[in-house]
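The structure appears right after this line, and notes come after that.
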Amino acid sequence: MTNETWGEIRENLLSAVGKNNYVNWIEPLELAGLDGGVATFLVPTNFMGNWVSRNFGDMIQKVLTNAGETVSRVEFSVPNQPKAAAMVPSKEKPKNDALAMTTDDDLPGAPLDSRFNFDTFVVGKPNELAHAAARRVAEGGPVTFNPLFLYGGVGLGKTHLMHAIAWELRKRQSDLRVVYLSAEQFMYRFVQALRDKDMIAFKQLFRSVDVLMIDDVQFIAGKDATQEEFFHTFNALVDQNKQIIVSSDRAPTEIAGIEDRIVSRLQSGLVVDLHPTNYELRLGILQQKVEQFSAQFPNLEIQDGVLEFLAHRISTNVRVLEGALMRLFAFGSLVGREITMELTQDCLADVIRASDRKITVEEIQRKVSDHYNIRLSDLIGPKRVRTFARPRQVAMYLSKQLTSRSLPEIGRRFGGRDHTTVMHGVRKIEELMQQDSQIADDLEMLRRALEA
Ligand code: ADP
Ligand code: MG
């Protein structure tokens, strides 16, 4: 296979990863060779290689396989650079607007989303305390509570608030070393440093920051070595009076599999939770999003009552709410008419029905395995043969459509699979539905059976 062939094959990833990701991460990859089942790509930096490997590695392997190549592994290498230098700071700047101005060049953080700032965060009763605490920390005065521990269910705005703090701090004090990353990325960095025998650099890097933000800290539950390292980093920073901000999907004491000393450390500052949204907050968020969208869709009108209807009916989480509104706008602009109640009900039938009665992933799995006449254990299990893989993707797709579970949560219920695998499955089915009426019919039937 040549780099040119790859140039054609990679286009199959466009719809799966989206335009921005495609331009930032996929297009720059240069195929160096395919040898003994190992496809090697050249990347400008190790950071980029790690990122692509972690987020898109599986997908790349799959498109290559689908194109008829035998690929058992995908590797990334930086030209003229020994492997041991993997902790070198990342220098590349993503081109995407949302990711622009992200990490300081020599800091180990993840990109910040420019839409997640304080201006776009709608405050209501359920999140006012969390918001106030975040504001206080973002002022960057003397450290009063350390750490700030934010917790709450999926899609309630934890990540949004953390990014907002980071943006604000950087705006006020551009020389401040603010690092935001997920606990998973922290672990990934740590494991990599271990592997590359580069722990000193790792420690120095993390101990040199002024503000450290770790998102979704529940991820390190059960991962002992990572916890240990996190604990040391944490203590070193607290000793220097550096601000730490941590988020989690549950309270510190409820995270099973985290050492007691870490739990007590996590609780030692200010612990605030984001409560599930209420009607007023949801309406407020919808109104704000409409304002944002109306720049994109200038001629679109919304009938009175539509937003209220949505705020009533979609009570799961803000992410679902946003997705629904986005779809409504896209649909409205497509058909070129006012967004009426009727259009809303048509266009969002699945979301609205899904929040009527709670369909569970387990129900979906049972129905789908019955339908395809396979065992539930095979549907969830590791076997990759198509007779199981396709129904599995169907079940993942339905879980995404009919429940409010996030991709990682769905992945967990499918034998601990990664969220990218789920995303790939969902996209695959979306694609097949266009081409294969049998699949489209199957899905319609299953959906009706589940919603009955
Ligand atoms: P979490 O990290 O708690 O799972 P996120 O911060 O990723 O949730 O929020 C999910 C989506 O909902 C994001 O697009 C975010 O901007 C939006 N969102 C959540 N809460 C609010 C809010 N109070 N105001 C505006 N947008 C919000
Ligand atoms: Mg989050």
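In this chain, residues are counted from 1 in sequence order. No hydrogens, no waters, no symmetry mates; every other heavy atom, side chains included, goes into these values. Ligands are counted one by one from 1 in listed order, and the atoms in each one are counted from 1 as well. Predicted, not measured: the structure shown is a model, and the values here were computed from it.
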Inset, instruction - Just let me know how Thr159 lines up against ligand 1, side chain, backbone, both or neither, with a heavy-atom cut-off below 4.0 Å. - result: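 Answer for Thr159: both.
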Legend entry - His131 and ligand 1 - part of the residue with a heavy-atom distance under 4.0 Å: neither
N/O donor-acceptor pair under 3.5 Å between [X] side chain and [Y] backbone:
| X | Y | value |
| --- | --- | --- |
| Glu168 | Gly140 | no |
| Gln267 | Pro252 | no |
| Arg177 | Asp210 | no |
| Thr233 | Glu229 | yes |
| Thr421 | Arg417 | no |

Legend entry - Close approach of Gly284 to ligand 1, heavy atoms, under 4.0 angstrom: no
Legend entry - Any His163 heavy atom less than 4.0 Å from ligand 1: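 Per 4.0 Å heavy-atom rule, His163 does not contact ligand 1.
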Inset, instruction - Check whether the ring centres of Phe206 and Phe186 lie less than 6.0 Å apart, and answer yes or no. - result: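 Yes: the rings meet the under 6.0 Å criterion.
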Does [X], backbone or side chain, put an N or O under 3.5 Å from an N or O of ligand 1?
| X | result |
| --- | --- |
| Gly155 | yes |
| Val318 | no |
| Leu156 | yes |
| Gln288 | no |
| Gly157 | yes |

Legend entry - Heavy-atom nearest neighbour of atom 5 (P) of ligand 1 within options Glu128, Gln292, Arg319: Arg319
Legend entry - Which of the ligand 1 atoms, numbered from 1, are nearer than 4.0 Å to a heavy atom of Val154: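 Close to Val154: 4 (O).
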Legend entry - Lys/Arg-Asp/Glu bridge criterion (N-O < 4.0 Å) met for Glu322, Arg319: no
